[in-house]
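Reviewing the structure listed below.
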Amino acid sequence: GVSFVRESLIAAYGNSVLIQLVFSNNFPETGLTGNIISIGGAKYNQTTQLFSKNLSLPINFVYDPKTYLIDSETSTEYYPEIDSDGIVTDFGLLIKIPNPYQKNKSVLLVRGAHTFGVAGAARLLTPTYSSELIQEIVQSREEYWQAVVETTVHGSQVFPKLVTFKTLTFDR
């Protein structure tokens, strides 16, 4: 996931972009006031857990007992497909929200039902796969949003596809 996000940032900003990689259990409090990209779910990533807490979003993960996504506005459920060989299809979720610790900064959460969902969501941000997402963001004219990413898995390769895009509004 990290390599896909890094690739996307370099494509957008060139090699001059400062990318500071910090594991969530070592994330400094002073880092909370910047623009943040947090990769991984709230179960294992303390930074994602911090920013997800108290968020009421239309699309969210359910852990009961299998992990899946649900869109509470449409009642659409997104279940990963698993067969005897492993995960065939997984789902990721991209969430761009305002940073509650600093005005004019934002947080991008890159989450997944499983590891392949996280990787697929991150890969959707790369130049090869991002055109549809960019089009949705530009057309919506909204700064904050959620995107469900369906990830087809072939061996260790992931192939993402945007399946749902929703804008979000926040009081500032």
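Because the structure is predicted, anything quoted here is derived from the model rather than measured. Below, all heavy atoms of this structure are taken into account, side chains as well, without hydrogens, waters or symmetry copies.
If you chain together ILVMFWY residues whose side-chain heavy atoms come under 4.5 Å of each other, I134 ends up grouped with V138.
The minimum heavy-atom distance between S140 and I137, with the atom names listed, is OG-O, 3.0 Å. Nearest heavy atoms, A147 versus L133: CB-CD1, 4.0 Å.
Geometrically, R123 engages F159 in a cation-pi contact, judged by NZ or CZ lying under 6.0 Å from the ring centre and within 45° of the ring axis.
By the side chain to side chain contact (heavy atoms under 4.5 Å, CB included) test, Q139 is found to be paired with Q135, residues two or more places apart in sequence or in another chain being considered. The side-chain hydrogen bond (donor to acceptor under 3.5 Å, both in side chains) check on E77 picks up Y79, with sequence neighbours excluded. Not counting sequence neighbours, Y129 has no partner by the ring-ring contact (aromatic ring centres under 6.0 Å, His included) test. Taking the side-chain hydrogen bond (donor to acceptor under 3.5 Å, both in side chains) definition, one finds that Y68 meets it with nothing, sequence neighbours left out.
T151 OG1 to L124 CG: the interatomic distance, rounded to the nearest 0.5 Å, is 8.0 Å.
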Can I get a per-line list of side-chain donor-acceptor pairs under 3.5 Å for residues 32-45, giving both atom names and the distance, sequence neighbours left out?
| unit_1 | atom_1 | unit_2 | atom_2 | d |
| --- | --- | --- | --- | --- |
| T33 | OG1 | T30 | O | 3.3 |
| N35 | OD1 | S106 | N | 2.9 |
| S38 | OG | N45 | OD1 | 3.4 |
| S38 | OG | N45 | ND2 | 3.3 |
| S38 | OG | T48 | N | 3.3 |
| S38 | OG | T48 | OG1 | 2.6 |
| N45 | OD1 | T47 | N | 2.8 |
| N45 | OD1 | T48 | N | 2.9 |
| N45 | ND2 | I39 | O | 2.8 |

Per-pair distances, 0.1 Å, donor-acceptor, side chain in residues 85-93, under 3.5 Å, sequence neighbours excluded:
| unit_1 | atom_1 | unit_2 | atom_2 | d |
| --- | --- | --- | --- | --- |
| D90 | OD2 | H114 | N | 3.2 |
| D90 | OD2 | G117 | N | 2.6 |

Per-pair distances, 0.1 Å, donor-acceptor, side chain in residues 160-168, under 3.5 Å, sequence neighbours excluded:
| unit_1 | atom_1 | unit_2 | atom_2 | d |
| --- | --- | --- | --- | --- |
| T164 | OG1 | Y78 | OH | 2.6 |
| K166 | NZ | D71 | OD2 | 3.1 |
| K166 | NZ | E73 | OE1 | 2.8 |

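Under the salt bridge (charged side-chain N to carboxylate O under 4.0 Å, His left out) criterion, no residue pair touches residues 52-68, with sequence neighbours excluded. Residue pairs meeting the salt bridge (charged side-chain N to carboxylate O under 4.0 Å, His left out) criterion with at least one member in residues 133-153, sequence neighbours excluded, do not occur.
At a threshold of 4.5 Å between non-hydrogen side-chain atoms, the residues N99 and F51 count as touching.
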Step by step, work out the side-chain contact (heavy atoms from CB on, under 4.5 Å) result for V149 and L94.
CA-CA 8 Å; V149 181; L94 295 167; 4.2 Å; yes

